[in-house]
Amino acid sequence: MKDIHKKILQIAVPITLQGLITSTINLVDVFMIGQIGEAAIAAVGLANQIMMLLIISLFGVSSAGVIFVSQFYGIKDFSSIRKVIAFCSLLALVVTAAFFCAAFFIPDVLMQLFTTDVDVLLLAENYLRIVAISYFFSASTITLAQMLSGIGHTKEAMYASALALVINVALNYVLIFGHFGFPQLGVAGAAIATTCARLVECLLLFFLAHSRNYPVFVSLSDFKNIEQSFIYRYLKTALPVIGSYTCWALGTTTLMAIYALMGTDTLVSVNIFNSLEKIAMTGIIALSCATGIIIGHELGRNNIAKAVSIAKEINIIAVIFAAVIAVILANFIDPIIGLYDLESGTRVMARKLTLFFCLLLPLITVNSINMMGTLKSGGETRYIFLVDTVCMWGTSVPLAMACVQLNFPVVYVYLIAIGGGEAVKLTLSGVRVVRLKWAKSLT
């Protein structure tokens, strides 16, 4: 199994570093905007909910493609890989265009779904209209990065994200606060910085992939080769994945709206906690992606027994890894939160939310490996959609609403709602993994 450990590191480490860089961009944004005031933090946090919905929708579209790409790559079927990428690109364009139109033309309508605070609304609408331009750059980057990961190349996306971080921080400093003769633009400056950083990230990733001759670029003939039977076969797997990601995204957005009802201070603490959560989750998500890719390659070669053995071993690794991440995060909460200019009550809420997240992290990690890695690699997308729907809309959201009605503090709303959903998910996904319904080739 040493070769498997090496493959996990080769795939997961760059994805982890890329995720850390992306999460750091978000953390730096929140930190630098936080110097303006809590209303600015809340505004950017709410506007980024739309971006989160887009990103998750794009991951839904492209993740389905990765299932096929990883298995086709296992048998070196490059023409089929290009056909998958062509169709993924078309779907990503349609999804992104819809989000852009909503964010650019009706940002006020979108933001009023979350809050009625006038100061927060004005800032959020301004930020959203500017950052909407970056949606097309992000869509291109996500789609290409996902396809590259399907064939085992993840370093390029990491390099592109690293450059985006440097540009984003530099432009934030210049545009938010008005240094070097530039006007002090505040929240609008942060939106411009994000848009520029995403553009450069996209251009660099395409340059690296093209210069290394990776088989991920398509021509007009690849679009012409998309036949009806392929579309049906692809959508049969893809639609549940898209539905699953969308279900989760809408549920997360609904939870954010529930938190917003509890007050601006609560919303600020949740936004800061979310920044820390994203950093902690990068390694978990990377391990899940690596699991899906490695198992997918074996399933594509019809090495079923080896795929099952890999799945069992990675689950053990996942629990140990999650425990280590939880301990590290728990010991760094105070120094990180101390960087923000917050009222004492907001700081305490953010700290408690992060501690409860650390408590749940092993459970969250096993579920991520089972769902995003093992089950998805075998095309069990309809079952994943069912589990996500039940856990989010049948468990977490109703529990959160009930807790708010009972006037529970936000930390207990989070623990009960998220913990309850993850407990149900562990039961449903664990049963499916043990029964080996996923252990099959799709090629």
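The analysis underlying the following values was restricted to heavy atoms, covering all of them including side chains, and did not include hydrogens, waters or symmetry mates.
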Could you walk me through whether Leu54 and Val95 pass the side chain to side chain contact (heavy atoms under 4.5 Å, CB included) check?
CA-CA 8 Å; Leu54 171 62; Val95 170; 4.1 Å; yes

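- Aromatic ring orientation, Phe136 versus Phe100: tilted (interplanar angle from 30° to 60°).
- Here the CD1-CG distance, from Ile304 to Leu299, works out to 5.0 Å after rounding to the nearest 0.5 Å.
- When ring centroids are compared, Phe104 and Tyr135 stay outside the 6.0 Å threshold.
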Please evaluate residues Leu239 and Thr381 with respect to the criterion side chain to side chain contact (heavy atoms under 4.5 Å, CB included), reporting the C-alpha separation (whole Å), side-chain torsions for both, the decisive distance (0.1 Å), and the verdict.
CA-CA 8 Å; Leu239 287 178; Thr381 55; over 6 Å; no

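- In plain terms, the two heavy atoms of Ile295 and Ser377 that are nearest each other are CG2-OG, 3.2 Å.
- Within a 6.0 Å radius of CE in Met401, no more than 12 heavy atoms belonging to other residues, nucleotides or ligands are found.
- Between the side chain of Thr194 and the backbone N or O of Asn168, no donor-acceptor pair lies under 3.5 Å.
- The number of heavy atoms from other shown groups lying within 6.0 Å of CZ (Phe78) is above 12.
- At least one donor-acceptor pair closer than 3.5 Å links the side chain of Ser269 to the backbone N or O of Thr266.
- Side-chain contact check for Met371 versus Asp388: some heavy-atom pair is nearer than 4.5 Å.
- Contact annotation: the side chain of Met51 never approaches that of Val131 to less than 4.5 Å [non-hydrogen atoms, C-beta and beyond].
- For the pair Leu375/Arg432, a side-chain contact is recorded, criterion being any heavy-atom separation below 4.5 Å from C-beta on.
- Nearest heavy atom pair, residue Ala47 against residue Ala124, reads CB-O, 4.0 Å.
- Geometrically, Lys83 engages Phe230 in a cation-pi contact defined by less than 6.0 Å to the ring centre and at most 45° from the axis.
- Counting heavy atoms from C-beta on, the side chains of Lys312 and Ser309 never come closer than 4.5 Å.
- Here the rule is ring-ring contact (aromatic ring centres under 6.0 Å, His included) with Tyr414, and of Phe357, Tyr259, Phe356, Phe273 only Phe273 fits it.
- Counted by atom type alone, Ser161 and Glu201 present one or more donor-acceptor pairs between their side chains at under 3.5 Å.
- In terms of heavy atoms, Thr365 sits closest to Ala318 at CG2-O, 3.6 Å.
- The closest side-chain heavy-atom distance from Ile50 to Met111 is below 4.5 Å.
- Between Cys247 and Trp393, the closest side-chain pair of non-hydrogen atoms falls below 4.5 Å.
- Taking 4.5 Å as the limit, some side-chain heavy atom of Leu353 sits within range of a side-chain heavy atom of Val270.
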Under the criterion side chain to side chain contact (heavy atoms under 4.5 Å, CB included), I'd like the reasoning laid out for Glu380 against Thr374: C-alpha separation, chi angles, the key distance, then a yes or no.
CA-CA 9 Å; Glu380 287 287 297; Thr374 306; over 6 Å; no

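- To the nearest 0.5 Å, the span separating CD on Glu156 from CZ on Phe207 amounts to 11.5 Å.
- To the nearest 0.5 Å, the span separating CZ on Phe59 from CD1 on Ile285 amounts to 8.0 Å.
- The closest donor-acceptor contact from the side chain of Thr354 to the backbone of Ala350 lies under 3.5 Å.
- The minimum heavy-atom distance linking Ile167 with Ala197 is given by the pair CG2-CA, 4.0 Å.
- In this structure, Phe223 places its CZ atom where more than 12 heavy-atom neighbours from other residues, nucleotides or ligands lie under 6.0 Å away.
- Heavy-atom neighbours of Glu227 CD from other residues, nucleotides or ligands within 6.0 Å: above the threshold of 12.
- Rounded to the nearest 0.5 angstrom, Leu122 CG and Asp108 CG are separated by 10.0 Å.
- The distance from the CD1 atom of Ile294 to the NZ atom of Lys306 is 10.0 Å, given to the nearest 0.5 Å.
- With a 4.5 Å cut-off on side-chain heavy atoms, Leu250 and Thr246 count as touching.
- Ala209 approaches Leu148 most closely through the heavy-atom pair CB-CD1, 4.2 Å.
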Could you walk me through whether Met392 and Thr252 satisfy the side chain to side chain contact (heavy atoms under 4.5 Å, CB included) test, starting with their C-alpha distance in whole Å, then the side-chain angles of each, then the deciding distance to 0.1 Å, before giving a yes or no?
CA-CA 8 Å; Met392 180 58 77; Thr252 301; 4.0 Å; yes

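- Here the closest heavy-atom approach between residue Val120 and residue Ala39 is recorded as CG2-O, 4.0 Å.
- Residue Val216 is tested with Val84, Thr143, Val69, Leu144 for a side chain to side chain contact (heavy atoms under 4.5 Å, CB included); the sole match is Leu144.
- Here the CG atom belonging to Asn370 is positioned 5.0 Å from the CG atom belonging to Asn315, to the nearest 0.5 angstrom.
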